[in-house]
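Positions are given from 1, in the same order as the sequence printed here.
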Amino acid sequence: MNVNLSTFLPGFSVDCVLFGFHSRSLRVLLLKLKNADTWSLPGGFVYQEEDVDAAARRVLKERTGLGEIVLRQFHLFGKAGRVPEGHADRLEALGLVKPEAADWFRQRFISMGYFALVEYSQVQSPTLDPISELCEWVEWNELPPMMLDHLDIASLAREALQKEILEQPIAISLLPKRFTMPELQALFETVLGRQLDRRNFQRKVQSHGIVTRTNERRQGGAHKSPWLYEFDEAQYRRACEQGLGPMA
């Protein structure tokens with residue numbers, strides 16, 4: 001790492017949990033450290049004159065190329081032992097930090113956690129950081145060993161995401177302009193991590209008035225062509241403000 005660490009705030013970092021949704025799959029963008037079997041979340045330090053939110057957006061821009069990601073702060077990670085003894089020595093032994101920079105990584109760090117959910121096919125070519133050899137989307141149910149407390153950060157971000165989908169109209173940015181009711185239900189099921197009763201889900205969605213049925217059907221399927229729907233965005237936002245409640 002050939003960065004002038006004195007330009008950053010000491011003892012403070014940001015860690016970003018970027019969830020990708022696609023075809024009933026929830027994935028997380030992870031980095032694999034060079035010369036190690038350990039993975040990490042995209043993260044980094046905050047410049048002395050930089051807003052913390054701006055630092056998180058910069059990190060995700062550098063990793064994904066996406067500049068319009070809506071990031072949410074969800075937790076400050078500050079346990080006294082979150083950076084274990086010997087962590088800096090391990091990074092130095094792996095050649096990831098120079099000996100003269102090792103003391104920077106020996107200090108206590110607190111980290112602001114952020115999360116976002118995107119349609120991961122929008123991220124064309126995830127980009128490596130200087131200490132990583134892979135940057136990949138990993139299935140939620142197949143998360144590998146992760147450095148420090150990054151698995152805890154990802155797990156808490158998942159809980160925040162499950163709350164978010166019932167309080168914010170995030171489905172608008174994750175589905176095409178016109179979609180089927182099964183596609184909408186699949187999104188909620190993927191994020192919430194459980195199956196939803198089809199009739200109850202449709203009844204709840206229609207009672208909130210958040211979608212409008214078009215006069216078109218999805219063509220080309222093996223079964224009866226389902227109706228296509230569109231979001232009533234204004235009503236969707238009002239319903240989220242009032243609380244969608246359980247979706248089954």
Side-chain angles (χ1 to χ4, degrees), residues 1-3 5 8-9 11-22 25-47 50 52-75 77 82-84 86-98 101-102 104-106 109-158 160-161:
M1 180 176 290
N2 298 315
V3 179
L5 296 173
F8 296 114
L9 289 173
F12 189 81
S13 61
V14 294
D15 285 303
C16 302
V17 186
L18 186 61
F19 293 104
F21 170 75
H22 184 68
S25 172
L26 187 68
R27 303 187 182 194
V28 182
L29 189 68
L30 297 181
L31 297 155
K32 183 179 180 295
L33 298 183
K34 292 179 179 177
N35 309 318
D37 293 328
T38 304
W39 295 70
S40 72
L41 297 168
F45 304 127
V46 181
Y47 287 110
E50 185 179 34
V52 177
D53 288 353
R57 290 193 297 271
R58 170 176 54 80
V59 167
L60 262 298
K61 174 70 173 178
E62 293 169 353
R63 295 286 75 75
T64 68
L66 295 180
E68 301 301 325
I69 297 176
V70 178
L71 285 164
R72 310 278 190 188
Q73 283 189 10
F74 70 96
H75 192 75
F77 296 86
R82 66 180 298 264
V83 180
H87 175 67
D89 296 329
R90 182 168 180 266
L91 294 179
E92 183 180 349
L94 292 171
L96 302 181
V97 300
K98 293 183 176 181
W104 170 270
F105 294 91
R106 291 190 178 96
F109 273 91
I110 61 174
S111 184
M112 179 60 73
Y114 289 81
F115 77 91
L117 178 64
V118 300
E119 213 297 330
Y120 82 86
S121 63
Q122 297 174 6
V123 184
Q124 299 299 322
S125 299
T127 305
L128 296 172
D129 64 17
I131 66 172
S132 301
E133 63 185 15
L134 292 174
C135 183
E136 295 183 351
W137 290 105
V138 180
E139 292 274 0
W140 175 259
N141 293 326
E142 300 176 0
L143 294 181
M146 298 171 70
M147 67 180 293
L148 304 179
D149 56 352
H150 285 201
L151 182 57
D152 293 337
I153 294 174
S155 297
L156 199 59
R158 175 71 185 276
L161 175 62

Atom of [X], atom of [Y] and distance for their closest heavy-atom approach:
X	Y	answer
Leu94	Ala36	CD1-CB, 3.9 Å
Leu29	Cys135	CD1-SG, 4.0 Å
Pro144	Val138	CD-CG1, 4.0 Å
Trp39	Glu136	CH2-OE1, 3.8 Å
Trp104	Phe109	O-CE1, 3.3 Å
Arg106	Asp89	NH2-OD1, 2.6 Å

### Task
Any chance you could lay out the side-chain contact (heavy atoms from CB on, under 4.5 Å) test for Phe77 and Ile153, step after step, and finish with the verdict?
CA-CA 8 Å; Phe77 296 86; Ile153 294 174; 3.7 Å; yes
Do the non-hydrogen side-chain atoms of [X] and [Y] ever get within less than 4.5 Å of each other?
X	Y	answer
Gln73	Asp53	yes
Phe8	Glu50	no
Leu5	Phe45	yes
His22	Trp137	no
Val17	Val28	yes
Leu148	Pro84	yes
Tyr114	Leu60	no
Lys32	Leu30	no

Roughly how far, to the nearest 0.5 Å, is [atom2] of [Y] from [atom1] of [X]?
X	Y	atom1	atom2	result
Asn35	Arg90	CG	CZ	10.0 Å
Leu161	Trp140	CG	CH2	9.0 Å
Leu71	Met112	CG	CE	12.5 Å

### Message
Given 3.5 Å as the limit, does a donor-acceptor pair link the side chain of Asp149 with the main chain of Arg82, or not?
### Response
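It does not hold such a pair.
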#### Entry: Donor-acceptor contact present, side-chain His150 to main-chain Leu41, <3.5 Å
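Present.
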### Message
Suppose we screen for side-chain contact (heavy atoms from CB on, under 4.5 Å). Which residues come up paired with Lys34, at least two apart in sequence or across chains?
### Response
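Applying side-chain contact (heavy atoms from CB on, under 4.5 Å) to Lys34 gives Leu96, Glu133.
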### Message
Students often mix this up, so state it plainly: with edges at 30° and 60°, are the rings of Phe115 and Phe74 parallel, tilted or perpendicular?
### Response
perpendicular
### Message
What verdict does the side-chain contact (heavy atoms from CB on, under 4.5 Å) test give for Arg158 and Leu26, after you've listed the backbone C-alpha separation in whole Å, the side-chain angles of each residue and the deciding distance to 0.1 Å?
### Response
CA-CA 10 Å; Arg158 175 71 185 276; Leu26 187 68; 3.6 Å; yes
